[in-house]
Amino acid sequence: METFAFLHLLLLATGASAYACKDPGLQCSIVDHPYHVRLVQQLLDDPDILPLVGLIQPFLVCSGTLIHERWVLSAGDCYYEPNATYIGQKVKPLRVRFGSRPGENQVIPHENIRKFSSDSDIMLVKLPETVRNIVTAQLPTSCTHPKIGETLLGLSCHCTAYDSDTAKVTLYCVERNITTCGDPKKTSSQLSFCARAIMSISPFLTCPDDSGGPLLRREGSADVVYGVKISDDNFMDVCADAVRQWIHETINEG
């Protein structure tokens, strides 16, 4: 935990670049959010058969957030186990693609996947190689939980080609208000909270299964992650004691 506090203070002191979007609900540059990554798992041996099979998706595509030079935070349902099958075909290994570095990706071995629990909505992905020269998003050093009515920033990605894992990714900023959850089950575990989009974005502008993206609060010169998207308006609470402790212990243990 001391390590994270030091990194956070260092980032503030050096004024490293990490900018909030100026036009919520509109396209924003990956340069402003270099920590945003794309998690991709190929589901079909031949993705080009998509037009022949209708609505079956050839890839599992999610968002993730680089919170450490070796770790990505995302949603737990963004990963199929190594021996899983999809319409009879064995899925391929998970890959992490860096939006700020087109063409660069890392293949993730199964042992590098850490889940909060066996049925967890949140996971950490350990990168095989250290990522250099990318400003990471930060974890809260002392959690002041977002209050009802407070506005935070969410990131939503847009794929220009659904049938290609090399598709260009465009980021959109979505302002979200912290709100009570209409479904009591969503908050029964006290590990998640709800944040409703102020300006809705057409579902045709978002990646298929675009889970795992961050909910951010701007603090000084840093973008700080307070939630991980696990469904439309539901976010895993990074400030929940059990979740926060698990994240820090997992990263510190390596």
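One is the number of the first residue; the rest follow in order along the sequence. Values reported hereafter were calculated over all heavy atoms of this structure, with side chains retained and with hydrogens, waters and symmetry mates removed. None of the values given here were measured: they were computed from a predicted structure.
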Partner residues of Tyr79 under the ring-ring contact (aromatic ring centres under 6.0 Å, His included) criterion, sequence neighbours left out: His110
Side-chain touch Val125/Val96, heavy atoms, less than 4.5 angstrom: yes
Donor + acceptor pair across side chains of Asp237, Ser192 (<3.5 Å): no
Minimum heavy-atom distance between Arg244 and Val238, given as atom pair plus value: CB-O, 3.3 Å
Val225 versus Gly227, closest heavy-atom pair with distance: CG1-O, 3.5 Å
Nearest heavy atoms of Asn177 and Gly149, plus distance in Å: OD1-O, 3.8 Å
Expected output: side-chain Lys126 to main-chain Gly254 donor-acceptor under 3.5 Å: yes
Flag side-chain contact, heavy atom, 4.5 Å: Tyr80 against Leu43: yes
Student check: side-chain heavy atoms of Val61 and Arg38 closer than 4.5 Å: yes
Which atom of Ala75 lies closest to which atom of Ile230, heavy atoms considered: CB-CG2, 4.3 Å
CA sep, side-chain torsions, deciding dist, call: His36, Ser63, side-chain hydrogen bond (donor to acceptor under 3.5 Å, both in side chains): CA-CA 7 Å; His36 182 273; Ser63 289; 3.1 Å; yes
SB check Arg196 Asp232 (cutoff 4.0 Å): no
Exercise answer: donor-acceptor pairs, residues 128-135 side-chain atoms, under 3.5 Å, sequence neighbours excluded:
{"unit_1": "Arg132", "atom_1": "NH1", "unit_2": "Glu69", "atom_2": "OE1", "d": "3.4"}

Qualifying disulfide bond (SG atoms under 2.5 Å apart) pairs, either residue in residues 87-116, two or more places apart: none
Under-4.0 Å salt bridge between Arg217 and Glu150: yes
Arg95 (side chain) donor-acceptor with Lys92 (main chain) under 3.5 angstrom: no
Donor + acceptor pair across side chains of His68, Thr136 (<3.5 Å): no
Leu73 side, atom CG; Leu66 side, atom CG - distance, nearest 0.5 Å: 10.5 Å
Intermediate values then yes/no, side chain to side chain contact (heavy atoms under 4.5 Å, CB included), Leu124 and Asn112: CA-CA 8 Å; Leu124 283 164; Asn112 284 26; over 6 Å; no
Shortest non-hydrogen contact between Val224 and Leu139, atoms and distance: CG1-C, 3.8 Å
Test item: Arg70 side-chain N/O and Leu127 main-chain N/O as donor-acceptor pair under 3.5 Å: yes
Heavy-atom closest pair, residues Asn234 and Cys194: ND2-SG, 3.7 Å
Sidechain-backbone polar pair: Lys229 side chain, Leu215 backbone, donor-acceptor under 3.5 Å: no
